[in-house]
2 protein chains.
Amino acid sequence: MKKIIANLNKSFDNKVRLGIMSVLMVNEWVDFNTFKDMLDLTDGRLASHIKALEKDEYIIIEKVFFNKKPKTSYKASKSGKKAFNEHLNALEKLLKTRK
Amino acid sequence: MKKIIANLNKSFDNKVRLGIMSVLMVNEWVDFNTFKDMLDLTDGRLASHIKALEKDEYIIIEKVFFNKKPKTSYKASKSGKKAFNEHLNALEKLLKTRK
DNA sequence: TAAAAGTACTTTGAATTTCAAAGTTAAGTA
DNA sequence: TACTTAACTTTGAAATTCAAAGTACTTTTA
């Protein structure tokens, strides 16, 4: 009997991190405030989940000044996209599971 | 701006509970030991997640004796199926998200 | 030039969740 | 009567999550 949940990635069980990665799969660069609006989060909560993904090296951070304001943007790393795709594949398989 | 993760159900973020519900979407009744094998879990861990789903009234428990051995089986309740489907719809929407 | 405001955090602490390990109960079998 | 199996329950510790408050840096405003 195979272990049908073994390939789900723990980094993506939290819905905030799931949201961040989903957005980064279809948008190259996304900035802090866009995430904040899309996911409806406080600064601290967003920052902490971003930090977790950064620690896993799933996202890459770039800080620039735009219109004389700091604008931090994020994109998925290659390994981040790979890990997220593998997670989605595991999810998809799970949802088709039969005994 | 809509909140793209608001409709994800907290009861299904854990991979064990996700696994249990996935199995119960395609199998009417599933027993304790089948779950244990499919999900590769200890008794305690499986029982605690089952208990959580039961508390939410997402699953229904039936205890019978089969071959003179106790055999506890579980099935998804109507509200459990509904909640799980809503969660999957929210997931699907999220994964198609664009800015 | 001093104060206020905006952006993007960091820190703190508490609540909640998760899990392994050990203990329990109830019935069946030797 | 001891032993086994199935299905839990309990305990306690570790990990996770989150809100709230605080901070650093820069620009704007008075």
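Only heavy atoms go into these numbers, but all of them, side chains included; no hydrogens, no water, no symmetry mates. Lettering of chains follows the sequences in order, A, B, ..., and the numbering in each one begins at 1.
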Counting primed atoms plus P, OP1 and OP2 as sugar-phosphate and everything else as base, spell out the protein contacts along nucleotides 20-25 of chain D at 4.0 Å heavy-atom distance: B, S or - for each nucleotide, 5' to 3'.
------
Spacing of A:Asn9 atom CG relative to D:dT16 atom P, expressed in whole Å:
12 Å
Just how far, in rounded Å, is P of D:dT27 from NZ of A:Lys71?
16 Å
Can you measure B:Phe32 atom CZ to D:dC8 atom C1' for me and round it to whole angstrom units?
6 Å
Rounded to whole angstrom units, what separation is found between the CG atom of A:Leu46 and the P atom of D:dA19?
12 Å
Atom of A:Ser11, atom of A:Asp56 and distance for their closest heavy-atom approach:
OG-OD2, 2.8 Å
Between A:Ser77 (side chain) and A:Tyr58 (backbone), is there a donor-acceptor pair under 3.5 Å?
yes
Give the ring-plane orientation class for B:Phe12 versus B:Phe84, where under 30° counts as parallel, over 60° as perpendicular and anything between as tilted.
perpendicular
If you take all heavy atoms of A:Gly80 and A:Met21, which pair is closest and at what distance?
O-CE, 3.5 Å
Go nucleotide by nucleotide along DNA chain C from the 5' end; which of A:Ser48 and B:Lys15 gets its closest nucleotide reached first?
A:Ser48
Backbone N/O of B:Arg17 and side chain of B:His49: donor-acceptor pair under 3.5 Å
no
Pairs under 3.5 Å (N/O, protein and nucleotides 11-15 of chain D):
none

Partners meeting salt bridge (Lys or Arg N to Asp or Glu O under 4.0 Å) with B:Glu57 (sequence neighbours left out)
none
Spacing between B:Ile50 atom CD1 and C:dT18 atom C1', to the nearest angstrom:
16 Å
Which atoms form the tightest heavy-atom contact between B:Lys81 and B:Leu24, and what is the distance?
CE-O, 4.2 Å
If only atom types and distance count, is the side chain of B:Asn14 paired as donor or acceptor with the main-chain N or O of B:Val16 below 3.5 Å?
yes
Do the side chain of A:Asp31 and the main chain of A:Thr34 share a donor and acceptor less than 3.5 angstrom apart?
yes
Taking OP1 and OP2 of D:dC18, is either one under 4.0 Å from a side-chain nitrogen or oxygen of A:His49?
yes
Short side-chain N/O contact to D:dC8 OP1/OP2 from B:Tyr74, under 4.0 Å:
yes
Only counting residues at least two apart or in another chain, list the ones meeting salt bridge (Lys or Arg N to Asp or Glu O under 4.0 Å) with A:Asp43.
A:Lys36
Distance, rounded to the nearest Å, where B:Phe35 contributes CZ and D:dC8 contributes P:
12 Å
Donor-acceptor under 3.5 Å (A:Ser22 side chain, A:Leu18 main chain)
yes
Five pairs at each end of the helix from C:dT1-D:dA30 to C:dA30-D:dT1: take the axis at both ends and give me the angle between them to 10°.
10°
Stretch residues 54-61 of chain A: residues that reach within less than 4.0 Å of DNA chain C through a heavy atom:
none
Check whether any side-chain nitrogen or oxygen of B:Asn33 sits under 4.0 Å from OP1 or OP2 of D:dA7, and answer yes or no.
yes
Which of A:Asn89, A:Asn7, A:Ile5 passes side chain to side chain contact (heavy atoms under 4.5 Å, CB included) with A:Leu94? It is A:Ile5
Search all heavy atoms of A:Gly19 against all heavy atoms of A:Leu39 and return the closest pair with its distance.
CA-CD2, 4.0 Å
In whole Å, I'd like the distance from the CG atom of A:Asp40 to the P atom of D:dA19.
10 Å
Separation of C:dC19 atom C1' from B:Asp13 atom CG, nearest Å, is 15 Å
Tell me, do A:Asp13 and B:Lys15 make a side-chain contact under 4.5 Å, heavy atoms counted?
no
B:Asn14 side-chain N/O to D:dT16 phosphate OP1/OP2 under 4.0 Å:
no
